[in-house]
Amino acid sequence: MPEVTQVKLRDVASRVAIRNTVGSTNVLTISASHGLVSQEDFFNRRVAGADLSQYYLLRAGDFAYNKSYSAGWPVGVARRLERYEEGVVSPLYICFRPDPTRVDPSYLQYYFDSGLLNEAILWIAKEGVRNHGLLNVGVEDFFDLSLDLPNLAEQQRIVEVLDGLSEAERLIRASIAKLNIVKAGVIGNELDRLYSGRDRVALGDIAVVERGRFSARPRNDPSYFGGLYPFIQTGDVVSARGGLIREASQWLNDAGLAVSRLFPAGTVAVTIAANIGDTAILGADMCFPDSVVGVVARPTFVPRFVELCLRRAKPQLEAQAPQSAQRNINLQVLRPLEIPEVPYDVQTSLVKIWSAYGGEVGVMEEELAKLRRLKRGLVGDLLSGRPSVRAPSA
């Protein structure tokens, strides 16, 4: 095991609290996925006000810690400025600059991401009374956080290993994205050919198209839940991204079923409120509320073929949704939607092409999942000082 030394964050990093006296207009926000990124790049507009004089000025390599917690990041997130030479951040962030003679900056980033500091941060934090979701982490307490650090050479060897895994992860993600683009292009071209060369039929003529239902009030009344009937929401359909929904986070009992509607496995679910035109196929009999429509195709139409046609129509459906705070469409928009009237074997041929690409994507996604599990385990082990990373022998 490598020797580690316990240090305070303040021993290896100094606070950055320099005000924006140079007039920088590159306002940064922290994204867990994208790091410190310009608000104009991230939001397509600048969210901050006109006066940036009290914002902190960061240089490339500086860190900022956002005390706002979110799903997957229970104590907030720290990110290093890598995209730009300089930028400014809200004074609500705690900013710091690592001493490269004491700690490798990439090692410090992995350390914050590992979760090894989560317990300590939660210990010193209290949820802000006036800012929901913002942890009350004081600056002094933050810099008093303890880190167990090996020597600098060991840190750099650990970074080399983790960077290699990160690069492998990036390459797999890029391959999945590329294959999905090719898949969408091939399926899109085939559908375009079918739409242009075949007669069309209204969706309502080849399928039963009905809204879901859940009339219980209040909607979270526990007396309707805890039974045997899976109950999904709009978010479950969106997250499925056209795939199968096999599980539900909520289950209705008999009382819940009585105020809802059970749709059979194979139903194409379509979102019609807030998120318009997202689709998925039920992998089991399930219930859902009226923000989702169930499309139960006749035996002469393959559910996956119908789903692909509906997916293609998403921009059309979105365009027909009123531009209001709660955008939605209704059955009068969905039922007349045109579907190519093609033989069953033509439908299955298209679905086989889709499935072949999906199988390749599935294999790569499983590889990515395995790599991520390996990386999580190694991060926990290497940064906690359990194994050492030996330099290669000469």
Side-chain angles (χ1 to χ4, degrees), residues 43-44 70-71 132-133 184 191 202-227 229-253 255-297 301 303-339:
F43 300 112
N44 293 319
S70 59
H132 179 69
L191 284 173
L203 178 66
D205 291 336
I206 59 96
V208 176
V209 183
E210 295 291 346
R211 296 178 73 158
R213 185 164 66 96
F214 188 64
S215 57
R217 296 295 183 273
R219 291 180 181 272
N220 61 351
D221 187 337
S223 65
Y224 294 97
F225 295 91
Y229 307 102
F231 183 65
I232 62 170
Q233 303 277 359
T234 298
D236 297 302
V237 179
V238 175
S239 298
R241 296 180 298 171
L244 278 179
I245 299 180
R246 295 186 174 90
E247 298 179 354
S249 56
Q250 294 178 299
W251 296 72
L252 300 179
N253 55 26
L257 180 63
V259 295
S260 188
R261 177 176 287 150
L262 188 66
F263 289 83
T267 296
V268 181
V270 187
T271 61
I272 62 168
N275 298 91
I276 307 295
D278 288 290
T279 55
I281 296 180
L282 303 188
D285 296 355
M286 293 184 176
C287 301
F288 42 75
D290 60 5
S291 57
V292 179
V293 165
V295 178
V296 183
F301 277 80
R304 174 57 66 191
F305 177 78
V306 175
E307 188 278 322
L308 291 171
C309 292
L310 287 169
R311 195 188 306 190
R312 178 182 184 272
K314 178 176 170 65
Q316 176 185 341
L317 297 175
E318 288 180 321
Q320 295 185 65
Q323 297 300 315
S324 59
Q326 179 66 29
R327 302 175 67 227
N328 61 81
I329 58 174
N330 55 34
L331 297 181
Q332 285 65 46
V333 172
L334 273 176
R335 283 175 175 155
L337 202 66
E338 293 183 331
I339 304 293

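Checked against the 6.0 Å centroid threshold, Phe231 and Phe263 do not count as a close aromatic pair.
The shortest heavy-atom contact between Leu282 and Pro264 is CD1-O, 3.8 Å. Closest non-hydrogen pair, Leu337 versus Ala313, comes out as CD2-CB, 3.7 Å. A pairwise comparison of heavy atoms in Leu308 and Leu191 identifies O-CD1, 3.7 Å as the closest pair. Between Cys287 and Ser260, the closest heavy-atom pair is CB-OG, 3.4 Å.
Applying the side-chain contact (heavy atoms from CB on, under 4.5 Å) test between Ile272 and each of Asn330, Val333, Ile329 identifies Ile329 as the sole match. For the side-chain contact (heavy atoms from CB on, under 4.5 Å) criterion with Gln316, the lone passing option out of Gln320, Arg312, Glu318 is Gln320.
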For residues 235-249, which side-chain donor-acceptor pairs fall under 3.5 Å, sequence neighbours excluded?
from   : atom 1 : to     : atom 2 : distance (Å)
Asp236 : OD2    : Gln233 : N      : 2.7
Ser239 : OG     : Gly235 : O      : 2.9

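Residue pairs meeting the salt bridge (charged side-chain N to carboxylate O under 4.0 Å, His left out) criterion with at least one partner in residues 269-290, sequence neighbours excluded, are Asp278-Lys314. Residues in residues 232-251 take part in no ring-ring contact (aromatic ring centres under 6.0 Å, His included) pair, two or more places apart or across chains.
Going from atom CZ of Arg217 over to atom OH of Tyr224 covers 10.0 Å, rounded to the nearest 0.5 Å. If you take SG on Cys309 and CD on Glu307, they are separated by 9.0 Å, rounding to the nearest 0.5 Å. In this structure, CD1 in Ile206 is found 5.0 Å from CZ in Phe301, a value given to the nearest 0.5 Å.
Salt bridge present: Glu210 and Arg335 bring a charged side-chain N and a carboxylate O closer than 4.0 Å.
Between the side chains of Thr271 and Thr234, no donor-acceptor pair is found at a separation under 3.5 Å.
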